[in-house]
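These notes concern the structure reproduced below.
Starting from 1, each residue takes its place in the sequence as its number. As the structure lists them, so they are numbered: ligands from 1, and atoms in each ligand from 1.
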Amino acid sequence: MIDLRSDTVTHPTDAMRKAAMTAEVGDDVLRDDPTVAELERKTADILGMEAGLYVPSGTMGNQVAAMTQTEPGEEVIVETKSHIYTNEVGGLSALGGVQPRPIRGDDRGRLPEDAVAEAIHPASLHRPGTGLVCLENTHNQAGGCVLEPDDIERVAAIAHRNDVPVHLDGARLWNAAVALGVSESTFTDAVDSVMVSFSKGLGAPVGSLLAGSAEFIEDARRSRKRLGGGMRQAGIIAAPALEALEERDRLDVDHNNATRLAAGLDDLDGITAASPETNIVLLDLTASSYTGPAFAEAAENAGVGCIAFGPNTVRCCTHKDITDADIEEVIDRFADMIGS
Ligand SMILES: *Cc1c(COP(=O)(O)O)cnc(C)c1O
C-alpha cells in the first residue's frame, strides 16, 4: 500500500533504531535521563524557548499546556477546526475543566483579530475569564496552511494586552519553517508555550515536546505527572527524536511531492486540489461521483491509503517513506478510479 493517510505512518530510520539501542538512560521522573535532558535542551534552543518537556504525544503536550496555563472554569479561545478542539476527545473540558470558546478562522485557519478581541474578557461575578488563546501551525484541517509570524504576533498582541497567554500547537511547525525558509524560533517570539511533534514528518517513533519559560515548564512537569505522562528510562525513545531533529531540512522533499501530487490530481475530472503550502493535500470531490468516505474506501481497494476529511473531502499526506515514483503511481491509480 502507498500510505498517504498521515505523516505519522513512517518507519524509524536505521540511525534512529541504532540511537535507541545505544542511548544513555536513567529514570526521567527522577530527572536522571541524560538523553531526555539533551532532547529537551536542544529542542527548546531550536524553538528559542527557555526550557522544554518531553511528552508521549502531541495531544498530551497541548493538554498539559492548557492545564498549566488555566484555572478550571476559564474559557480557552480555539479555532473551530483546530486539533485541540476537534480531535483531542474533549480533553480541554474533560481534563482541564476549561470551557472551549471556538472562533471560526479564515480558509487558512487564521483567527480574525476582531473576533478574538471581542471574545476575550476578564472574569466577573457572572462570567469566567479568558485563560488562554490557542493557535495551530501548520493548520491541519485547512490543508497544512502556514500561519506567518505576523499572523501569530497580531493575535498574541491582543491576548497579551489582556494578560492572557498564548499556546501554539506546532505539531507541524517544522513544515512551516521549511516552507517559509526561516527558523522555527521565528514563529515563537510572541507565544508563551509551543508544542512540536517528533513523530510527524520527521519519522521518530514516539514523542512531542512542550516548550516555554523555565517556570512554566516546572509547572507543566507536574501536570504531565498528573496525566500519567512521567516516564522512566525514556532516553530509549528520546534518542530517535534527537536523530529526527536532523531530518528537518528533508521536509522540502515532502512539500515538493505534495505539490506534484496536487497538480496531477487537480488535472483529473471531478477532483479539485489546491496547490499545498506544505505536505498536506486536500481533495475536493464535490464535482465527482464520490463522497469523501467512498473515495477513501475505493482508494484503499486500489492500494492507496488516504483519509476522509469531510463529506466531500479527502486528505493525502506526504512523508519520508513516499518516493517520487509513488506520487506518479497514486495519480495513475486515482485516474483509473475516477475514470479519466
Ligand atoms: C497530530 C496532531 C496533534 C496531536 O499529536 P498526537 O501525537 O497524535 O497526539 C496535535 N495537533 C495537530 C495539529 C496535529 O496534527
Problem set entry | Pairs involving residues 112-130, ordered by first then second residue, that meet salt bridge (Lys or Arg N to Asp or Glu O under 4.0 Å) (sequence neighbours left out) |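 As it turns out, the salt bridge (Lys or Arg N to Asp or Glu O under 4.0 Å) pairs with a partner in residues 112-130, which skip direct neighbours, are Glu113-Arg154.
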Establish, from distance only, whether the side-chain atoms of [X] and [Y] form a donor-acceptor pair under 3.5 Å.
{"X": "Asp3", "Y": "His319", "result": "no"}
{"X": "Ser185", "Y": "Thr188", "result": "no"}
{"X": "Thr86", "Y": "Gln141", "result": "yes"}

For this session: Enter the distance from Ile84:CD1 to Leu135:CG here, rounded to the nearest 0.5 Å.
Result: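 Going from CD1 on Ile84 over to CG on Leu135, the span is 10.5 Å.
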For this session: List, ordered by chain and residue number, the protein residues whose closest non-hydrogen atom lies under 4.0 Å from any atom of ligand 1.
Result: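 Lining ligand 1 at under 4.0 Å, by heavy atoms, one finds Ser57, Gly58, Thr59, Asn62, His83, Glu88, Glu136, Asp169, Ala171, Arg172, Met195, Lys200.
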Exercise. Only one of Thr259, Leu4, Leu261 forms a side-chain contact (heavy atoms from CB on, under 4.5 Å) with Val281, so which one is it?
Worked result: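 Checked Thr259, Leu4, Leu261 against Val281; only one passes side-chain contact (heavy atoms from CB on, under 4.5 Å): Leu261.
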